[in-house]
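As the structure lists them, so they are numbered: ligands from 1, and atoms in each ligand from 1. Quick caveat, the model's predicted, so the values are computed rather than measured.
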Amino acid sequence: MRTPLTRRYAAPVTDTAAAHDLSDPATDPFEVARAAAAVIAERTGAERHDVALVLGSGWGQAGDLVGETLATVENTDVPGFGRAAVAGHSGSMRSVAIGDTGRRALVYGTRTHFYEGRGVRAVVHGVRTAAAAGCTTIVITNGCGGLRPEWAPGTPVLISDHINLTAHSPIEGANFVDLTDLYSPRLRAVAREVDDTLDEGVYVQFRGPHYETPAEVRMAKVLGGDLVGMSTSLESIAARQSGLEVLGISLVTNAAAGISPDPLSHEEVLEAGRAAADRCGRLLADVVGRE
Ligand code: 8IG
C-alpha cells in the first residue's frame with residue numbers, strides 16, 4: 001500500500017502548479033502569495049507596489065482613471081489566481097503609476113467570490129499577494145444593493161463596518177485578529193476630503209450568488225446593515241491579518257430586493273457602473289494620490 005509518506009518520497013512535488021494549489025490543505029497560502037508577488041515583480045519590473053485596488057462590479061472603467069498603466073499581467077500567469085468569473089470583469093491585473101510620485105498601484109480587474117466554491121483561501125489570495133508585494137494600503141471596491149432609498153443607483157458609499165454572514169473566516173487556526181476600526185477612519189476622512197458628499201454604511205456580505213429575498217433584505221436592515229453584497233468582508237479580514245490599512249467603497253448599483261418594486265439584473269449593475277465611472281474614477285485617483 002502506498003502511504004502518503006512513501007508517495008511524497010517517490011514523487012516530490014516539483015511542479016509549481018501543484019505546489020501552489022490553494023485547495024490542498026498542505027499548501028501554505030502565504031507561500032503562494034509570496035510566489036505570486038515574485039511573478040508580479042518580475043512581470044511589472046516593479047520591485048514593490050504601494051497600494052492595491054480591487055475593482056468590483058461597476059468599477060472597471062473607474063480603474064482606468066487611476067493613472068498610467070505601466071504593465072499588465074494576466075491572472076492565469078500568476079500562481080493562485082483564476083480567470084474572471086463575472087461578466088464585465090477583467091481577468092488581468094495592472095501596475096499603475098500613482099501620479100509622478102514614483103509610487104505604484106497594483107490594480108486587480110476582478111476578484112474571486114466565495115460563491116465560486118474555490119474556498120476562502122482563493123477569495124483572499126489577491127489581498128495576501130498585495131501584502132507580499134509590499135502594499136501597505138488596499139482599496140476594496142464592490143457593486144452592491146442599497147437599503148437606503150435615497151441612494152440612487154450609481155451612488156458610491158464608504159464602508160464604515162461590515163457584518164459577515166458567510167459563517168467563514170480567511171484566518172486559519174487560533175489567531176484572534178482584532179477587527180475594531182477595520183475600515184480605516186483615516187482613509188475614510190481622506191475620501192471625504194476628496195468628496196464631502198460621501199455617505200457611510202454598514203456592508204452585509206451574503207454568500208450569493210442569488211440576490212436576497214425581500215425578507216432577507218429586511219433582516220439585514222434590522223441587523224444594522226445599509227448595503228448588501230457578495231464580497232469584501234472576507235477580503236478585509238485577511239487584509240487586517242496581513243497588516244494592510246483598508247478603505248472599502250461600495251457602489252450602489254441597484255436598490256436591494258424589495259426596496260424598489262423592480263426586479264434585479266446584472267445588466268442594471270453594469271449600466272450603473274458605466275454611468276458612475278467618471279465620478280468613481282476620480283474618487284479612486286484622488287484618494288490614492290493623497291493616501
Ligand atoms: I452589484 O443587491 C450587486 N451585488 N447580495 N445583493 C447582493 N449582492 C449584490 C447586489 C445585491 N447587487
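Under 3.5 Å, the side chains of Y183 and S236 contain a donor-acceptor pair of N or O atoms. Checked by atom type, the side-chain pair T112/H125 shows no donor-acceptor distance below 3.5 Å. Between S250 and N142, the side chains place a donor N or O and an acceptor N or O closer than 3.5 Å (distance only, hydrogens not considered). Remark: the Q205 side chain and the T166 side chain contain no N/O donor-acceptor pair separated by less than 3.5 Å.
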inquiry  = Could you go through Y211 and F206, starting from their C-alpha distance and side-chain angles, then the distance that decides it, and tell me whether this counts as ring pair (Phe, Tyr, Trp, His ring centres under 6.0 Å)?
reply    = CA-CA 9 Å; Y211 295 120; F206 284 82; over 10 Å; no
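Judged by distance alone, with hydrogens and angles left aside, the side-chain atoms of T27 form no donor-acceptor pair with the main-chain N or O of P29 at under 3.5 Å.
Near ligand 1, heavy-atom contacts under 4.0 Å come from G143, C144, G145, Y211, E212, V228, G229, M230, T253, N254, L264, V269.
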